[in-house]
Protein chains: 2
Amino acid sequence: MFVHNEYMTTEDTLKARRRRQQHPTKVALTRQGILEVALQILHEEGLSKVTMRRIATALDTGPASIYVYFHNTEDLHVQILDALLGQIEAPAATGGQWQNRLKALLTRYRDVLFAYPEIARMALSTRLSGPHYLALVDNALALLQEGGLPDRQAAWAIDLLLLYVTAVAAEQSTRQAAPSAAAEESALAFEVAAADPSRYPQIARLGDELLSGTGQSRFEWGLDTLLAGMLSSD
Amino acid sequence: MFVHNEYMTTEDTLKARRRRQQHPTKVALTRQGILEVALQILHEEGLSKVTMRRIATALDTGPASIYVYFHNTEDLHVQILDALLGQIEAPAATGGQWQNRLKALLTRYRDVLFAYPEIARMALSTRLSGPHYLALVDNALALLQEGGLPDRQAAWAIDLLLLYVTAVAAEQSTRQAAPSAAAEESALAFEVAAADPSRYPQIARLGDELLSGTGQSRFEWGLDTLLAGMLSSD
DNA sequence: ACCTGAACACCGTTCAAGT
DNA sequence: ACCTGAACACCGTTCAAGT
């Protein structure tokens, strides 16, 4: 392999140099400063790189320092998520039916989760909290009340709706993020196509129907189905 | 600290000894043998300990050996999941309405995911496959057909139902598994109770309603809501 | 009081070298 | 052909020691 001598430096040195260039201004070692660096790493390299050690390196300190401000990695990730939710707070106060405004709000929530592949999965496995998350819940509850849902039903409905949106995002975003996504997709299609009709008669019968539709149309159908179910018991 | 001399041995040696005792019969280095060891580790220590290195150690070899039989860690985990799904294949062929039989089948699916805390989350972030998973899908589709759902709708419905069940399991099982589950639960209750009525009027108004119900009753309500929504568009 | 170096106990994956 | 030791490049968390 041909090597330019002036670039003859180890991979690690190159990486360190790149990191330093990305954070030319010294970021303060505070909760805010750490979150700032964490969000930058999230944008550039994904949640899996938002590690205690990686952040500490970016801040030119040891990993132990981060523990002064965050209990553990999960705590850090939850606070990152709430910061991201700050983008979608208020629903359009007017205009259109409550159902459509609720769907728009939930779609914006989904879009945030879509934008950061691994965050959605995190959201499912951790009890969320934080001011922006509470605002999202509150706004959605207001729309359900506007729709005339009884309190108990609205309380359970918001849980179901957010669970659905989060799960869809977790499912979808993983696949588009994974480098093997295309391969997996076709593997499923192959399995459906090759399904033995005597063992799996329904899968063989339905065939391509199982793979039909875009992510968006399925997402909307799911939301409509949930809302229809919630209203049907009135 | 007082130490009995006859037990003076390092932690690592003790661990190695325990592992050896757990696998007294030499397990063959084959796909089946590896899965066998993997399932045992899953039962005893949870999915997070089902690592390439851990399995290799149990089989008295290096981690590279496992890669002869499994592409990577995800591949290994997916195959473990399919083995677990083997427990719930056939629905009761007779007896009761199709809705109730479908709910029973999905509840059994949920129970499997509940029993292994981290598997449910895995199931959400990976395209599932394998004979037992296909059987589950096929059985559920048969019940939807019995209920008279049009094909396209049944195809989308099965996706939504399995997504719901998996997400519920992922959410619930994580909390019961985490050592801090109790603390988190009360932290949420506190947050709801302390919600500023001027910032979060809906949360303050609904209060305890948001935390009402058992996991089981909420799960059933969710299934009923989904089914009602699916049938309402007929 | 606040911060952190160093250590402990792990990971997944690759590849050259062995049988 | 099949298998694997050793290496590479990472992790989270703790704690004794520093300022």
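Labels below follow one simple rule: chain letters A, B, ... track the order of the sequence lines, proteins then strands, and each chain is numbered from 1.
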Return yes if some donor-acceptor pair links the side-chain N/O of B:H43 with the main-chain N/O of B:L39 below 3.5 Å, else return no. yes
Could you work out the separation of D:dA16 and C:dA1 based on their C1' atoms and round it to a whole Å? 16 Å
Given C:dC11, C:dG12, C:dT4, identify the nucleotide with an atom nearest to the side chain of B:R54. C:dC11
Which one, D:dC15, C:dA7, D:dT4, comes nearest to the side chain of A:R53? C:dA7
Rounding to a whole Å, what distance do you find between B:L76:CG and C:dC11:C1'? 14 Å
With sugar-phosphate meaning primed atoms plus P, OP1 and OP2, does A:Y69 contact a base, only sugar-phosphate, or nothing at under 4.0 Å between heavy atoms? sugar-phosphate
B:A64 has a side chain; which of D:dG12, D:dA6, D:dC3 sits nearest to it? D:dA6
One thing to verify: whether A:E44 and A:K49 come together as a salt bridge, which I'm taking to mean a side-chain N less than 4.0 angstrom from a carboxylate O. no
With sugar-phosphate meaning primed atoms plus P, OP1 and OP2, does B:T73 contact a base, only sugar-phosphate, or nothing at under 4.0 Å between heavy atoms? sugar-phosphate
With a 3.5 angstrom cut-off on both distances, give the Watson-Crick or G-U wobble partner of C:dA6, or none if there isn't one. D:dT14
Counting side-chain heavy atoms from CB outward, which of C:dT4, D:dT13, C:dG12 is closest to B:Y67? C:dG12
Between A:Y69 (side chain) and A:L29 (backbone), is there a donor-acceptor pair under 3.5 Å? yes
Out of B:T73, B:I66, B:N72, which residue meets the side-chain contact (heavy atoms from CB on, under 4.5 Å) rule with B:F70? B:I66
Atom pair distance, as rounded to whole Å: CD in B:E45 and C1' in C:dC10: 13 Å
Of all the nucleotides listed (D:dT4, C:dC3, C:dT13), which has the minimum atom distance to the side chain of B:P63? C:dT13
Integer-rounded Å distance: D:dC11 C1' and A:N72 CG: 14 Å
Return the nucleotide paired to C:dA1: Watson-Crick means purine N1 to pyrimidine N3 with N6-O4 or O6-N4, wobble means G-U with N1-O2 and O6-N3, both under 3.5 Å. D:dT19
Please determine, for the side chain of A:S65, which listed nucleotide (C:dC3, D:dT13, D:dC3) has the closest atom? C:dC3
